[in-house]
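Reviewing the structure listed below.
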Amino acid sequence: MHDVKRIRENPQAFDDAMASRNLPAVSSVIIDVDAERREVLSELQKMQSRRNEIAGLIGRSAHSGADVAELEREALSLKANISLLEKKEADLSGKLNEIMSIIPNIPRPDVPIGPDESANKCVRVVGKPPEFDFPPKAHYDLGEAMGTVDFRSAAKIAGSRFTILRGKVALLERALKNFMLDVHTREFGYEEISVPFLVSSECMYGTGQLPKFSEDSFQTTDGRWLIPTSEVPLSNMVRDMTVPLSKLPLRMTACSPCFRSEAGAAGRDNRGMIRNHQFHKVELVSVVHPDKGEEELERMTGAAETILKKLGLAYRVMLLSTGDMGFSAEKTYDIEVWIPSENTYREISSCSLCGQFQARRMSARYKGDSDKGFPATLNGSGLAVGRTAAAVLENYQLVNGNVIVPEVLIPYMNGTKELDKNG
RNA sequence: GGACAGAUGGCCGAGCGGUUUAAGGCACCGGUCUUGAAAACCGGCAAGGGGGAAACCCCUUCGCGAGUUCGAAUCUCGCUCUGUCCGCCA
């Protein structure tokens, strides 16, 4: 959500920002509706003031015995006008809100401008992709051959785009979650949070999934939503509250299943664990002073990268262009891991600075002695567990189809050093 | 799921139709006093929004939403949440 005052002060800058997102100019509509709303509000408040005054006079007349018939007549006519104006004001507020709630965040100045992912900028490439003297298999072929990744049963039970993991690969997934959470809590000071996987519409609105992207998530029969990411419950921890400045930065991490309808993804990544309706993700969320956003984004991205470094996986960091950024983001780094079978990098993390955009939607505030306002929020994957498991399987595969367990995971795997057909 | 009780400012808590512009206390901030501290005393102390160059004025908010009324924290209806007990249950 944007600050209407800011738009009023510099409509051109706002329209330019929307243009960089390939969206039409809307500032003039917003300014008009807002001006009308404030005019109505101002008049309404004058009437309310008079109404309160009359009520006071009548109240005090009970003691003085003064005649109040004239006052009551005036109050009655005021009453009708007030309810009329109240309705008008509510309509205008609603209209303004409707427009504002589907406008995305404004990209930061250093975000490359472009139509889509083709304009993304590679910031750095870290690690070297492994070289194989045999054609590397895809993770789903490796897993199925080992009998540890079972798409057939998953389809029987839940339909397409689900995965069942068995034995050592299920353990690998669990090991990855614990490893990631440990790194973030011990090395980066994130507090581990165990969150609800169902959330209210208010939460989905707060982080920006609603009202525009309802078709991307699953809704329950009683009106709740399956979380598409634990960013939603984590960020909404501060919804409708004022956090003391001294408590910032807040850093929270959670591991949760994530549910996505993947509407419109037909035909893409149909095989494997890359694009499922349900996947596990370790999420990072920070709530910081608005001036500390960029600094925190670098820190958060670094925390996510640390996981890949420790796992010995090659990756690159991409700065997303205006055309590829999410709704609530004003700057986003994607981390892409090397996937040998596809001979390319695939997204495994997305770290976004949302500035004050979500805080405004959530009405989350911070307050210090002489400084108060909306904090900046950030969220990032640290990392998508299923995709990390796939990357480990592929990057550490041997010619016989076995998979070496990365050193850092061995303690989390009860000492298992290699995955093989014996599960 | 059933029964009962409750929801008031950062916290506790009074108020149950108009001298309440939400009493009082705690916490916090400033001052007096003190060598310093404590105590005591004095003063200050919610958020959001509208108007204004400013001083300042005004509106809204007593869980949320409707309603009754000239006037609602207070009355009516609906909802949400919390507590206690019962039932069910991992």
Side-chain angles (χ1 to χ4, degrees), chain A residues 1-9 30-97 99-101 194-206 210 219-225 233 236-248 250 256-257 287 290 356-375:
Chain A
M1 189 65 81
H2 297 285
D3 185 358
V4 181
K5 263 185 215 156
R6 196 73 61 79
I7 299 173
R8 219 188 292 152
E9 282 160 14
I30 292 168
I31 289 170
D32 287 352
V33 175
D34 179 57
E36 195 184 346
R37 190 194 124 257
R38 281 183 298 130
E39 198 177 312
V40 169
L41 187 60
S42 187
E43 187 160 347
L44 170 65
Q45 291 183 349
K46 266 183 225 153
M47 290 188 187
Q48 287 172 324
S49 177
R50 177 61 182 157
R51 176 201 60 193
N52 294 345
E53 190 184 359
I54 291 172
L57 287 172
I58 293 175
R60 260 161 271 145
S61 77
H63 306 278
S64 67
D67 182 36
V68 297
E70 180 60 32
L71 286 172
E72 287 193 352
R73 256 196 303 282
E74 186 185 351
L76 272 172
S77 93
L78 265 179
K79 195 178 176 176
N81 286 325
I82 284 174
S83 89
L84 213 74
L85 281 188
E86 274 175 346
K87 193 183 174 318
K88 203 167 168 189
E89 198 280 331
D91 285 350
L92 288 167
S93 286
K95 190 172 166 191
L96 186 63
N97 222 35
I99 300 168
M100 297 289 283
S101 64
S194 177
V195 296
F197 304 152
L198 295 180
V199 294
S200 66
S201 293
E202 285 76 18
C203 291
M204 293 285 278
Y205 178 88
L210 291 180
Q219 189 166 25
T220 63
T221 51
D222 68 352
R224 283 181 254 251
W225 299 82
N236 276 282
M237 293 280 287
V238 295
R239 192 172 103 249
D240 282 328
M241 56 176 280
T242 302
V243 183
L245 181 58
S246 58
K247 288 266 174 65
L248 299 185
L250 292 177
S256 82
V287 179
Q356 299 172 304
F357 186 83
Q358 290 180 323
R360 264 206 192 83
R361 292 175 84 93
M362 296 191 289
S363 107
R365 295 159 204 276
Y366 74 92
K367 189 179 171 215
D369 290 337
S370 58
D371 180 17
K372 60 176 182 176
F374 296 103

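Note that the structure is predicted; figures quoted are calculated from it, not measured. In what follows, every chain begins at residue 1, and chains take the letters A, B, ... in the order their sequences are listed.
Taking atom CD of Glu86(A) as the reference point, atom C1' of rG50(B) lies 15 Å away to the nearest angstrom. Rounded to whole angstrom, the span from the CZ atom of Phe374(A) across to the P atom of rG48(B) amounts to 8 Å. Taking atom CG of Asn97(A) as the reference point, atom C1' of rG49(B) lies 14 Å away to the nearest angstrom. Separating the CG atom of Asn81(A) from the C1' atom of rC70(B) is a distance of 15 Å, rounded to the nearest angstrom. Going from atom CD of Glu72(A) over to atom P of rC70(B) covers 7 Å, rounded to whole Å. One interatomic measurement links the two molecules: CG of Asp3(A) to C1' of rG48(B), which rounds to 13 Å at whole-angstrom precision. If you take CG of Asp34(A) and P of rG51(B), they are 8 Å apart, rounded to a whole angstrom. Leu57(A) has its CG atom 16 Å from the P atom of rG18(B), to the nearest Å.
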Inset, instruction - Begin from the C-alpha positions of Arg73(A) and Glu70(A) and carry the test salt bridge (charged side-chain N to carboxylate O under 4.0 Å, His left out) through to its verdict. - result: CA-CA 5 Å; Arg73(A) 256 196 303 282; Glu70(A) 180 60 32; 2.9 Å; yes
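Distance alone, capped at 3.5 Å, is enough to place a donor-acceptor pair between the Ser77(A) side chain and the Glu74(A) backbone. Side chain of Arg361(A) to backbone of Tyr205(A): a donor-acceptor contact under 3.5 angstrom is found. Counting only distance, with no hydrogens or angles, the side chain of Arg224(A) and the backbone of Phe197(A) share no donor-acceptor pair below 3.5 Å.
Pairing partner, rU82(B): rA5(B), with both Watson-Crick or wobble hydrogen-bond distances short of 3.5 Å. With both pairing distances under 3.5 Å, rA22(B) is matched to nothing as a Watson-Crick or G-U wobble pair. Remark: rA53(B) base-pairs with no nucleotide in the shown strands. Criterion, Watson-Crick or G-U wobble with two distances under 3.5 Å. With both pairing distances under 3.5 Å, rA46(B) is matched to rU61(B) as a Watson-Crick or G-U wobble pair. rA14(B) makes up no base pair with any nucleotide shown, lacking Watson-Crick or G-U wobble contacts both under 3.5 Å. With a cut-off of 3.5 Å on both pairing distances, rA72(B) has no Watson-Crick or G-U wobble partner at all. The partner of rA38(B) cannot be assigned: no Watson-Crick or G-U wobble pair with both contacts below 3.5 Å exists in any strand.
When each of Thr242(A) and Gly56(A) is assigned the nucleotide of RNA chain B with its nearest heavy atom, Gly56(A) is the one assigned upstream, toward the 5' end. Nearest-nucleotide assignment on RNA chain B puts the 5′-proximal partner with Ser42(A), out of Ser42(A) and Leu76(A).
As judged by a 4.0 angstrom heavy-atom cut-off over every strand, Ala75(A) is placed among residues touching the sugar-phosphate backbone only. Residue Arg365(A) is in sugar-phosphate contact alone, with no base atom involved, counting any heavy-atom pair closer than 4.0 Å across all strands shown. Using a 4.0 Å heavy-atom distance criterion, Ile54(A) is classed as making no nucleic acid contact.
Rounded to a whole angstrom, the distance from the P atom of rG6(B) to that of rC28(B) is 33 Å. Between the C1' atoms of rG18(B) and rC4(B), the separation comes to 34 Å (whole Å). Of the P atoms belonging to rC70(B) and rC58(B), the separation is 25 Å, rounded to the nearest Å. Using P as the reference atom, rA73(B) and rC64(B) are 11 Å apart when rounded to the nearest Å. Going from the C1' atom of rC56(B) to that of rA23(B) covers 28 Å, rounded to whole Å. Comparing rC62(B) with rG13(B), their C1' atoms are spaced 13 Å from each other, to the whole Å. Between the C1' atoms of rU19(B) and rA38(B), the separation comes to 40 Å (whole Å). Taking atom C1' in both rC29(B) and rA46(B), one finds a spacing of 15 Å when rounded to whole Å.
Atom CG of Asp222(A) and atom CG of Leu198(A) lie 7.5 Å apart (nearest 0.5 Å). For the atom pair CE (Met1(A)) and OG (Ser363(A)), the distance works out to 11.0 Å, reported to the nearest 0.5 Å.
Here the side chain of Arg37(A) is nearest to one of rA46(B), rG50(B), rG48(B), namely rG50(B). If you check rG51(B), rC70(B), rA46(B) against the side chain of Arg38(A), the one that comes closest is rG51(B).
With no hydrogens or angles considered, a side-chain donor-acceptor pair links Ser93(A) and Glu89(A) at under 3.5 Å.
Under 4.0 Å is where a charged nitrogen must lie from a carboxylate oxygen, and between Arg37(A) and Asp34(A) at least one such pair does. Residues Lys46(A) and Glu43(A) are not paired through a salt bridge, judged by the lack of any N-O separation under 4.0 Å between the basic side chain and the carboxylate. The pair Lys95(A)-Asp91(A) does not count as a salt bridge, with every side-chain nitrogen at least 4.0 angstrom from each carboxylate oxygen.
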Report all interatomic pairs (protein N or O, nucleotide N or O of nucleotides 58-68 of chain B) with separations under 3.5 Å.
{"unit_1": "rC58(B)", "atom_1": "O3'", "unit_2": "Ser49(A)", "atom_2": "OG", "d": "3.2"}
{"unit_1": "rC59(B)", "atom_1": "OP1", "unit_2": "Asn52(A)", "atom_2": "ND2", "d": "3.1"}
{"unit_1": "rC59(B)", "atom_1": "O3'", "unit_2": "Gln48(A)", "atom_2": "OE1", "d": "3.2"}
{"unit_1": "rC59(B)", "atom_1": "O2'", "unit_2": "Gln48(A)", "atom_2": "OE1", "d": "2.7"}
{"unit_1": "rU60(B)", "atom_1": "OP1", "unit_2": "Arg51(A)", "atom_2": "NH2", "d": "2.7"}
{"unit_1": "rU60(B)", "atom_1": "OP2", "unit_2": "Asn52(A)", "atom_2": "ND2", "d": "3.4"}

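Phosphate contact (OP1/OP2 of rG48(B), side-chain N/O of Lys372(A), threshold under 4.0 Å): present. Within the structure, every side-chain polar atom (N or O) of Lys5(A) is placed at least 4.0 Å from both OP1 and OP2 of rG49(B).
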